[in-house]
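Just so it is clear: chains get the letters A, B, ... in the order the sequence lines come, proteins before strands, and each one is counted from 1.
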Protein chains: 2
Amino acid sequence: MTVDLIAVLVAVQAGTPLVMTLDRERALPSGPFALGHRSLQSGLRAWVEQQTHHPLGYVEQLYTFADKDRAGEGGARTISISYLGLTRALSDAESGWCSWYAYFPWEDHRAGPPPLIAAQIAPALSGWAQSAPDPAEQAARRQRVAIAFGLDGQPWNEELALQRYELLYEAALVPERRHVDTAPAFAGLAGLADLADLGRPMIGDHRRILATAIARLRAKIKYRPVVFELLPPTFTLLQLQRCVEGLAGRTLHKQNFRRLMEQQELVEETGATTAEGIGRPAKLFRFRAAVLAERAVAGTKLPLARS
Amino acid sequence: MTVDLIAVLVAVQAGTPLVMTLDRERALPSGPFALGHRSLQSGLRAWVEQQTHHPLGYVEQLYTFADKDRAGEGGARTISISYLGLTRALSDAESGWCSWYAYFPWEDHRAGPPPLIAAQIAPALSGWAQSAPDPAEQAARRQRVAIAFGLDGQPWNEELALQRYELLYEAALVPERRHVDTAPAFAGLAGLADLADLGRPMIGDHRRILATAIARLRAKIKYRPVVFELLPPTFTLLQLQRCVEGLAGRTLHKQNFRRLMEQQELVEETGATTAEGIGRPAKLFRFRAAVLAERAVAGTKLPLARS
DNA sequence: TCTCCCTATGCTCATACTGAGCATATTTAT
DNA sequence: ATAAATATGCTCAGTATGAGCATAGGGAGA
């Protein structure tokens with residue numbers, strides 16, 4: 001039994017979320033957990049720093065899985081433990097950084113829903129739904145597709161990045177699946193238009209891990225101040241907004257976003273303003289370290305009694 | 001390298017959250033992941049059903065860790081993958097079910113803050129904070145304690161169950177830690193009153209895993225309809241409320257809780273009412289399966305633009 | 001039988017938060 | 001000077017939330 005450690009290392013530059021890749025942008029940094037490693041995290045740090053020469057800051061565990069596809073061969077089995085890492089230091093010399101939307105072009109809704117969805121994904125998944133054995137399963141598939149991709153009047157939900165990838169995988173619309181079983185998943189698939197541009201594939205299930213990381217991060221930015229790990233020490237509110245927008249893949253209402261930042265007291269003015277660029281200079285902010293300690297643990301709400 | 005699967009199996013009876021235990025209530029169901037297992041989950045199901053004879057319903061992965069303490073001996077190393085399972089079928093004949101508050105008496109705030117906190121935990125942790133090497137670390141420890149246990153005007157946050165256990169572990173106030181290093185963590189500890197009633201200990205880090213499960217479940221009930229896995233097919237709103245209260249360890253405002261249930265449309269009336277018991281008969285409800293499919297994926301909010 | 005007690009359920013009201021848009025300020029480019 | 005671009009402030013209605021009051025419908029015992 002071998003145990004692999006896999007890292008999704010994320011940074012944001014100019015409002016674009018980037019992920020660190022290896023092997024001509026088709027793999028995530030990874031390596032086996034060895035006896036010399038003090039802990040899972042330190043093993044991960046060692047591998048990432050060795051392979052990418054980039055220091056690892058904030059790290060959280062994502063998910064552990066036993067790779068079905070690689071199993072059974074000679075009895076050996078691999079357990080993969082995946083981690084999400086956030087970083088801000090991003091020197092220009094580094095290579096391997098790649099926009100995560102290169103792998104998931106359907107996830108970027110900042111300029112409206114990508115035409116790719118209506119043009120290719122929706123018809124292909126509709127065909128897959130039709131190909132289900134019985135009407136109940138057909139309806140179930142159709143509902144899953146509609147909810148995941150915001151079709152049939154359903155709202156788009158950016159947090160469903162993993163479900164979307166898994167649907168495409170299940171329908172054999174991504175090449176990762178087609179390496180596993182060569183036959184098309186349903187009869188209509190062969191007749192469909194070229195699906196080559198459904199994002200850049202990765203080795204093994206690295207793209208699934210990346211989808212897991214995106215989903216986790218999109219959920220987390222809403223209740224934990226993790227964006228701060230991705231931004232420089234001081235920043236303007238627009239930079240902060242663009243960072244969140246890049247991660248969420250959606251545009252935000254500017255004034256309401258600012259109001260939210262103010263009333264949550266997560267940031268404070270530095271007194272300085274930006275000099276560069278066109279337009280009125282923006283105030284520079286920094287995160288309030290004191291609040292971070294408390295807010296880092298603020299939970300959600302229930303209708304409590306006699307508080 | 002061995003891989004262990006560990007399950008926290010939770011049920012609720014009469015408003016009390018129960019956890020399935022083995023070995024005189026000191027261990028969680030667990031077993032090694034073997035080559036014969038199709039997947040991690042199916043391996044877990046096999047172990048739990050073999051050891052407890054209880055079927056496993058809803059399951060989600062909690063966390064994976066490499067047990068530091070057991071490491072290094074002869075070079076062998078153990079990876080533990082923990083899961084949370086929710087179940088409702090709870091026949092009376094079964095044994096091994098145990099209130100989770102037996103392990104974490106400081107977590108039950110339904111009758112107000114447990115006296116245990118003010119009487120024993122707060123002074124002991126205060127001593128631990130004082131024992132820090134420098135003033136900065138002392139202040140940091142004091143703040144961690146205040147936030148975790150709701151002291152010094154901080155509000156109680158039920159989601160911090162894991163942080164609380166880890167603080168007690170760090171301060172060597174739980175016997176699990178004292179098995180590892182025998183010396184008291186700080187000079188004042190020896191002079192403190194008997195701390196024997198800081199909850200029932202468990203083997204290895206099983207109590208830490210249970211704390212992880214509690215924290216996860218308390219966070220999750222607020223945004224995913226998972227309570228439904230724990231209740232019978234029909235129930236009264238008070239039963240539902242008592243179930244949530246038991247999990248959260250806090251009492252809720254009755255009328256507002258009902259309003260919340262109604263406006264979320266998660267439940268619908270069956271038309272029947274309860275016969276038994278004193279007082280006005282309560283309407284029976286069931287969960288709306290249709291809404292489950294949609295709401296199961298409803299995320300939280302950002303200030304979106306032009307939606 | 002009647003009253004009290006208990007639980008269930010309905011309603012109100014002030015306050016806070018959210019979505020959406022309008023208005024104003026301070027720059028640079030032409 | 002004027003336009004364009006960005007930053008920032010303010011309003012307003014709709015909705016959600018916290019808290020409490022009031023009423024309904026049952027059983028138990030005087």
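Picking from D:dG18, D:dG9, C:dG21 the nucleotide with the shortest atom distance to the side chain of A:His253 gives C:dG21. Considering only side-chain atoms of A:Ile278, the nucleotide from C:dG10, D:dT8, C:dA29 that sits closest is C:dA29.
Distance CZ (B:Arg258) to C1' (C:dT7): 9 Å, rounded to an integer number of Å. Taking atom CZ of residue B:Phe285 and atom C1' of nucleotide C:dA8, one finds them 10 Å apart after rounding to whole Å. In this structure, B:Phe257 atom CZ and D:dA16 atom C1' are separated by 17 Å, rounded to whole Å. Atom pair A:Gln255:CD and D:dA7:P shows a separation of 11 Å (rounding to whole Å applied). B:Leu240 places its CG atom 12 Å from the P atom of C:dA8, with the value rounded to the nearest Å. One can place CG of A:Leu252 at 14 Å from C1' of C:dA20, the figure rounded to the nearest angstrom. Atom pair A:Glu262:CD and D:dC10:C1' shows a separation of 12 Å (rounding to whole Å applied).
With rounding to the nearest 0.5 Å, the separation of NE2 in B:His253 from CZ in B:Arg259 is 8.5 Å. The distance from the CD atom of A:Gln241 to the CE atom of A:Met261 is 9.0 Å, given to the nearest 0.5 Å.
Of the side-chain N and O atoms in B:Lys283, one or more sit less than 4.0 angstrom from OP1 or OP2 of C:dG10. The phosphate of C:dA25 (OP1 or OP2) has no side-chain N or O of A:Arg280 nearer than 4.0 angstrom. For the OP1/OP2 pair of C:dA8 and a distance below 4.0 Å, the side-chain nitrogens and oxygens of B:Lys254 include at least one atom meeting the criterion.
Under the 4.5 Å side-chain criterion, counting only non-hydrogen atoms from C-beta, B:Val8 is not in contact with B:Leu217.
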Please list, for nucleotides 16-18 of chain C, all pairs of protein and nucleotide N/O atoms separated by less than 3.5 Å.
unit_1, atom_1, unit_2, atom_2, d
C:dT18, OP2, A:Gln263, NE2, 3.1

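B:Glu166 has no carboxylate O lying under 4.0 Å from a charged side-chain N of B:Arg144, or vice versa, which leaves the two without a salt bridge.
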Using the side chain to side chain donor-acceptor pair (under 3.5 Å) rule, take A:Glu60 and A:Tyr58 through it: C-alpha gap first, then chi angles, then the decisive distance, then the call. CA-CA 7 Å; A:Glu60 80 174 57; A:Tyr58 173 93; 2.5 Å; yes
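Within the 4.0 angstrom heavy-atom criterion, no nucleotide atom of any strand lies near B:Leu237.
With hydrogens and angles left out, the side-chain atoms of B:Asp152 and B:Gln143 include no donor and acceptor closer than 3.5 Å.
No cation-pi contact links A:Arg110 to A:Trp156, judged by a cut-off of 6.0 Å to the six-membered ring centre and 45° from its axis.
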